[in-house]
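When a residue number appears, it is its place in the shown sequence, counting from 1.
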Amino acid sequence: QVQLFESGGGLVQAGDSLRLSCVASGRTFSSSGMGWFRQFPGKEREFVARISWRGGMTDYADSVKGRFTISRDNAKNTVYLQMNSLKSEDTAVYYCAAGRSVWPGIFLRDYGSWGQGTQVTVSS
């Protein structure tokens with residue numbers, strides 16, 4: 001089981017940037033695809049981005065494509081989400097997740113471990 005710890009959230013203005021980090025503990029990190037999800041109040045958690053186990057493949061939700069970048073450093077057991085040109089509609093709790101495979105899908109069931117979440121608030 002991988003344990004995940006997110007950081008980097010906060011309050012920013014529209015147009016600003018933030019970088020979220022997710023540090024993993026456990027031996028399986030480097031063999032797991034990773035994902036970022038977000039949850040709006042009263043809504044289900046939704047897919048934001050995913051990255052394959054070696055970082056060679058990435059994928060994004062249409063709503064963040066061109067603005068967000070997912071990356072990973074397996075030597076540091078860390079996955080990142082660089083968020084640029086933030087909008088008020090990006091305000092949510094962001095979760096890091098460890099996939100059940102080297103290239104997990106975009107559904108919640110494709111992920112076996114979750115972080116505690118970090119709040120991102122974008123003021124307009």
Checking T91 side chain against T121 main chain: does a donor-acceptor pair fall under 3.5 Å?
-> no
Within the side chain of Y111, is there an N or O that forms a donor-acceptor pair under 3.5 Å with the backbone of G105?
-> yes
Residues in side chain to side chain donor-acceptor pair (under 3.5 Å) with [X], at least two apart?
{"X": "S123", "value": "none"}
{"X": "R67", "value": "D90"}
{"X": "S88", "value": "none"}
{"X": "K65", "value": "D62"}

List the atom of [X], the atom of [Y], and the distance in Å for their closest heavy-atom pair.
{"X": "G33", "Y": "P104", "value": "CA-CD, 3.5 Å"}
{"X": "E6", "Y": "G117", "value": "OE1-N, 2.8 Å"}
{"X": "Q39", "Y": "A92", "value": "O-CB, 3.4 Å"}

Sequence-distant partners of [X], side-chain contact (heavy atoms from CB on, under 4.5 Å), two or more places apart:
{"X": "R54", "answer": "none"}
{"X": "A49", "answer": "Y60, I70, L81"}
{"X": "E89", "answer": "K87"}
{"X": "D59", "answer": "F47, R50, W103, I106"}

Please collect all salt bridge (Lys or Arg N to Asp or Glu O under 4.0 Å) contacts where either partner lies in residues 97-113, sequence neighbours excluded, each pair once.
-> none
[atom1]/[X] to [atom2]/[Y] distance, rounded to the nearest 0.5 angstrom?
{"X": "Q3", "Y": "N77", "atom1": "CD", "atom2": "CG", "result": "12.5 Å"}
{"X": "S113", "Y": "L4", "atom1": "OG", "atom2": "CG", "result": "6.0 Å"}
{"X": "W114", "Y": "C96", "atom1": "CH2", "atom2": "SG", "result": "9.0 Å"}

Pairs where residues 80-101 contributes a residue and the test ring pair (Phe, Tyr, Trp, His ring centres under 6.0 Å) is met, not counting sequence neighbours = none
Heavy-atom side-chain proximity of R45 to R38 below 4.5 angstrom | no
Student check: side-chain heavy atoms of V79 and I51 closer than 4.5 Å = yes
When clusters are formed from ILVMFWY side-chain contacts under 4.5 Å, directly or step by step, what else is grouped with F5?
-> none
Considering only distance and modelled atom types, tabulate donor-acceptor pairs under 3.5 Å from the side chains of residues 11-25, sequence neighbours left out.
| residue | atom | partner | partner atom | Å |
| --- | --- | --- | --- | --- |
| D16 | OD2 | Q13 | N | 3.1 |
| S17 | OG | N84 | OD1 | 2.9 |

In this structure, are over 12 heavy atoms from other groups packed under 6.0 Å from E46 atom CD?
-> yes
Do W36 and F68 have ring centroids that are under 6.0 Å from one another?
-> no
